[in-house]
Protein chains: 2
Amino acid sequence: MSERIVVAGAGLAGSLMAVLLARRGYDVQVYERRGDMRREPVGRGRSINLALSTRGLHALGVAGLREQVLASGIPMHGRMIHSLDGGTELQRYSTDPGEHLNSVSRHDLNVLLLNEAEKAGVRIHFHEKCLGVEPGRLEVLNEETRAVRSVDAPRILGADGAYSAVRAWMQRRDRFDYHQNYLDWGYKELHIPPRGNGRHRIFTNALHIWPRHDFMLIALPNLDGSFTCTLFLPFEGPQSFAALKTDDDVLRFFTRQFPDAVAHMPTLVEDYRHNPVSSLVYIRCAPWHVEDRVALLGDACHAVVPFYGQGMNAAFEDCAALDECIDALAPDWQKVFETYAGMRKPNTDALADLSLRNFVEMRGRVVSPLYLAKKKADDVLHRLFPDHWSSLYTMVTFRRIPYAEAVERARRQDLALGLAAGAGGLLLAGLALRFTSRFR
Amino acid sequence: MSERIVVAGAGLAGSLMAVLLARRGYDVQVYERRGDMRREPVGRGRSINLALSTRGLHALGVAGLREQVLASGIPMHGRMIHSLDGGTELQRYSTDPGEHLNSVSRHDLNVLLLNEAEKAGVRIHFHEKCLGVEPGRLEVLNEETRAVRSVDAPRILGADGAYSAVRAWMQRRDRFDYHQNYLDWGYKELHIPPRGNGRHRIFTNALHIWPRHDFMLIALPNLDGSFTCTLFLPFEGPQSFAALKTDDDVLRFFTRQFPDAVAHMPTLVEDYRHNPVSSLVYIRCAPWHVEDRVALLGDACHAVVPFYGQGMNAAFEDCAALDECIDALAPDWQKVFETYAGMRKPNTDALADLSLRNFVEMRGRVVSPLYLAKKKADDVLHRLFPDHWSSLYTMVTFRRIPYAEAVERARRQDLALGLAAGAGGLLLAGLALRFTSRFR
């Protein structure tokens, strides 16, 4: 009989991990609090599409699912910046057209992974809420029958998201460091429907941004010709969710701030009224595992804010890393979990910081002259030294360099660029001095 | 009928708060998970004595209990530093003999507060575990009868300690920032018994420290002639709890590291074997209240590591601050809780940092020449400008300046001292130059 591994959570990370484990011959049992999304209607307001990039694609490739997923992705080659006057400008992500993001449907991707997991022999138990962990066992509550039972679980992987029950159990144990922080901004999902002919109303192959410094609207394309928009806005203050009280307030705010978007949002007022405001949390914890029995992956141990588009990519990278560690070190599970956590934790910590910083960039700095000059310099240097110079964005999004290493490389590059700019300045000053002195 | 306030936790903060509220005429109901400590034997290993100082004494004074508590406190006028060779040196806390710490028994102080609370009309319910909060109600489980009931609780104060159930409920709500961090050090309580004649074996009126850089032993005097010792040691590593496996290991370690202490610890090996190793956690969270319904105080919202001796003092200061806000703003409870949290949170954040930094100081820096020179300079300047110059330690321990302000004042003083030292150095250099040039 094959060794059993229990996965808590059948979201993106849990179901990809289940596929990878089943392919290795383990008896994989997945427990999911929600019902089967393949049979139930989709709830409103959960992030509908996601930006899949190199790291996530690599992990899907390990499971042999890369091409299948890419087939229903929409390439986004750059950011389309929408200014207040309705003008637009496309900022390409890369000089290489192969380096683009892919807008994918969370729902479709999750369904694909659930199907693949079951094909690979995984048993998925829905409506089973994790209550706690005991030595070698997982306690679950069936939310339909209300029956509590304890299932055999020598190895438990907590892939149960930012509000992880497995992590909550770990938090009640001794010596578990835990941080959860909320932003003062919330978000609300809105909608741009397709044209009558099923085509997109605005440019398809871009991630659209309406940066307004303290807040922003973004839009990602869907396959059906629609766009999913997300409004990021402070909870409180003069321009905030709290300040938009009536339909009129909403319409006036959008008309003033996003005039070219509002023209494409016929259901704006209804969507605004019905869709919830969600909060933005980021989470850090340590350690990621309990002995050789329990380990965490994905949002359960490192939920980040969504502004680098790396949450899912990092979670998939966890799956590939854990799969690698299992390959090299199983059945020494203590070693497997230790090595996996050691590889990942410094990098997801770095990603947490990057994601926070990118919120400032997306809201405003993408339109600042200094940002644009720096981007230009990075592009030129990358063309000159393609193997030695990549912008931080490129390293994070289109390479698999560990996040912390990407941050460190970018820091060294910026230092070099600063020195070069300084030296260039001195040279110019020297030439100017010489030139002027000749005519004195 | 008077307005009801429910307090979760009958520890030090909860019972002092209950006294203050009852004195204001509220119907105060306290729910405590443990049994009544006045009727049950004391558990091993909980911190037995505490250093009470100005802030705590002030709050006790507001409740009219200052003199009563001081009567059974033992003044500690300074740190008695024990070096490796058994030599000792007393470092006085202050040039003013009235400025000293008071070693008080946690158990006796808590019993006194419970008695005073009941005298003031407070109802204390023991063995009642808080399960959660509902609008206007508190859900409790009686741990003797196993009955769950929901009690009327329009106002709830969570004074239920570092592992607060009220805070755990708040953490499950949206937009609650929460941090818990553990040190890599643990602690174990040990014992120096009285002499045959009931006198203390080592100098009574001091907080004894055996600083050994990576670890330390401390001892506080008890009224019965004994000392309670606490060993702070890393959990893992060459010199750690993990490394002390046998009785022989323990004896050898103590004989080498604390030769003069071990001579007074006849039950060392047994105590070491029986007393648990406890961990050291610090906790931050925000917000401290939920609307006008629930607020936290003491360790529940700001547990700190014990190295500044300010945990209880800060918790008592919370009680006095909340009492002040009630005096000024009740029954506008939203305003009461907001103002209280606004007053306290920046200061307990500052205390958290101070307490961490003081661990480094206590373990080692108290014996460094630079530390001693700085202490000397502070003492001299305090004598010269008593109203304008106080060391950080004095401001934290013997004043009621808000913690954050004390930190800021100390920073400005250090800057001035640095500038003065720099100017003095320049002056000397100038004189030397002049002197040497004359003889050139």
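Note that the structure is predicted; figures quoted are calculated from it, not measured. Proteins come first, then strands; the chains are lettered A, B, ... in the order of their sequence lines, and each starts at number 1.
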Counting only heavy atoms not in B/Lys345 (residues, nucleotides, ligands), do more than 12 fall under 6.0 Å from its NZ? yes
For A/Asp177, is there any backbone N or O sitting under 3.5 Å from a side-chain donor or acceptor partner on B/Asn181? no
Residues of residues 233-240 of chain A under 4.5 Å from chain B (heavy atom pairs)? A/Phe235, A/Glu236
Please determine, among A/Ala286, A/Cys285, A/Ser279, the option with the most heavy-atom pairs under 4.5 Å with chain B. A/Ser279
Checking B/Ile283 against chain A: side chain, backbone, both or neither under 4.5 Å from a heavy atom? neither
Hey, which of A/His179, A/Arg172, A/Arg284, A/Gln171 has the most heavy atom pairs under 4.5 Å with chain B? A/His179
Pairwise distance CZ(A/Arg175) to CG(B/Leu280) - rounded to 0.5 angstrom: 9.5 Å
